[in-house]
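Take a look at the structure set out below.
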Amino acid sequence: MTRLKGKTALVTGGSRGIGEAIALRLASEGADVAVCASKSLASAQSVAQKVEAQGRKSLALQADVSVAKDVDTLIAQVLDAWGSLDILVNNAGITRDGLLMRLKESDWDAVLDVNLKGAYLCVKAASRAMMKARSGRIVNISSVVGLIGNAGQINYSASKSGLIGLTKSIARELAGRGITANAVAPGFIPTEMTAALSEEIQQDLIRQIPLGKLGSAEDIAAAVAFLASDDAAYITGQVLVVDGGMVM
Ligand code: NAD
């Protein structure tokens, strides 16, 4: 498929897991893809090499999305290299789980800072170029937990619900400039983020999924590629749930 031919994309947290799958899928559909990692430039470089192996251009970049200065530099690096940024995927995310009474204020702040403030900073920095171009695609990676909540994840679910509000508000603000903003809400996808969950919890989750299996990072990447493409030109402010039917 070449739905994204000639487009440029940035995937935050693109160095592993769902972000890596998104970067590779966008490249396979023809986009040049910048990959941003928070700490390990080497892991971003390894994904960038896989993008280049598909015949696309890539940039391996390092930024903490919760730091405005880092984000401004990140977006400037993409624009300096390619002159445009057509697709922004806010995928960077962390968890610091704990039940309400035990959750530390620092755990609340860390998760909201990366998952929600990070998306706000990236949208703000990237949308200037998109507004000038009078086109753009923003895809925010939320979670089913942002729709239904989860005991032990008040910080994470609040950040993922917040991303939905942010998505709908920027969809309304930026629609007049030809920019769409949508969210993808994954169900349970085995990655390093979810590796700590016991086999028992995973089996219990599978029992709640009508399609009877866990999702893959590629399932999420396919939804992102669709929302980033012209096939989704008339879709904005939506939450696409990719969870095997767990939440409906
Ligand atoms: P992961 O831990 O494997 O990857 C997270 C990525 O975010 C990493 O590349 C990491 O470097 C990056 N990151 C973390 N903090 C950052 C920061 N401050 N600045 C820049 N980058 C930072 O997790 P994943 O499972 O691949 O998750 C990707 C996204 O999907 C996250 O937003 C997560 O909340 C969401 N999600 C995951 C699942 C799941 O089941 N795995 C379900 C729903 C939503």
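Values below: every heavy atom of this structure, side chains too, minus hydrogens, waters and symmetry copies. We count ligands from 1, going down the list as the structure has it; atoms in each ligand are counted the same way.
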Practice problem: Classify the side-chain pair T12/N91 by whether it contains a donor and acceptor separated by less than 3.5 Å. | Solution: no
The closest protein heavy-atom partner of atom 10 (C) of ligand 1 is S38 OG, 4.2 Å
Checklist entry - Going by heavy atoms, is G187 under 4.0 Å from ligand 1? => result yes
Note: ligand 1 atoms sitting under 4.0 Å from heavy atoms of I94 are 14 (C), 15 (N)
Looking at R25 and E29, is there a salt bridge between them, counting it only when a charged N and a carboxylate O are closer than 4.0 Å?
yes
For G13, the atoms of ligand 1 under 4.0 Å from one of its heavy atoms are 6 (C), 7 (O), 9 (O), 12 (C)
Check: Y156 N/O within less than 3.5 Å of ligand 1 N/O
yes
Do N140 and N90 pair up side chain to side chain, a donor and an acceptor below 3.5 Å, judged on atom types alone?
yes
For R16 and ligand 1, does the shortest N/O to N/O distance drop below 3.5 Å?
yes
Looking only at protein heavy atoms, what sits closest to atom 26 (O) of ligand 1 is I18 N, 2.8 Å
Considering distance alone, does some N or O of G17 sit under 3.5 Å from an N or O of ligand 1?
no
- With the side chain counted from C-beta on, respond yes when S142 and T167 share a heavy-atom pair under 4.5 Å apart, and no when they do not. no
Note to self: Below 3.5 Å, N or O to N or O, backbone or side chain included: is there any such pair between T191 and ligand 1?
What the structure shows: yes
Modelled atom types, side-chain donor and acceptor of S216 and D219, under 3.5 Å = yes
The atoms of ligand 1 lying under 4.0 Å from a heavy atom of N91, numbered in the order shown, are 28 (C), 29 (C), 30 (O), 31 (C), 32 (O)
among protein heavy atoms, the one nearest atom 5 (C) of ligand 1 is G93 O, 3.7 Å
Test side chain to side chain contact (heavy atoms under 4.5 Å, CB included), reference V47, set V11, V35, V33, output is V35
For F188, the atoms of ligand 1 under 4.0 Å from one of its heavy atoms are 40 (O)
Looking only at protein heavy atoms, what sits closest to atom 40 (O) of ligand 1 is I189 N, 2.8 Å
(Q) With heavy-atom distances below 4.5 Å as the criterion, would you say the side chains of L166 and I170 are in contact? (A) yes
The atoms of ligand 1 lying under 4.0 Å from a heavy atom of S142, numbered in the order shown, are 43 (C), 44 (C)
- prompt: In terms of heavy-atom contacts, does CE of M248 have more than 12 from other residues, nucleotides or ligands at under 6.0 Å?
  reply: yes
* Q238 and N182 side chains, donor-acceptor separation under 3.5 Å -> no
- Is there a heavy atom of G215 sitting under 4.0 angstrom from any atom of ligand 1? no
Quick note on ligand 1: atoms under 4.0 Å from a heavy atom of D64 include exactly 17 (C), 18 (N), 19 (N)
Under 4.0 Å between heavy atoms, the region of A63 that gets near ligand 1 turns out to be backbone
| query | So, S159 and N115: side-chain donor and acceptor under 3.5 Å apart, yes or no? | reply | yes
The single option from L240, V139, V242 that satisfies side chain to side chain contact (heavy atoms under 4.5 Å, CB included) with V224 is V139
Per-atom filter on ligand 1: closer than 4.0 angstrom to a heavy atom of S15 are 9 (O), 11 (O)
Note to self: Looking at ligand 1, would T194 count as a contact under a 4.0 Å heavy-atom criterion?
What the structure shows: yes
Compute the minimum heavy-atom distance from K160 to ligand 1 and say whether it is under 4.0 Å. yes
In this structure, atom 30 (O) of ligand 1 is nearest to the protein heavy atom I141 CG2, 3.4 Å
Q. If you count the non-hydrogen atoms of other residues, nucleotides and ligands that lie under 6.0 Å from CD in Q203, is the total more than 12?
A. yes
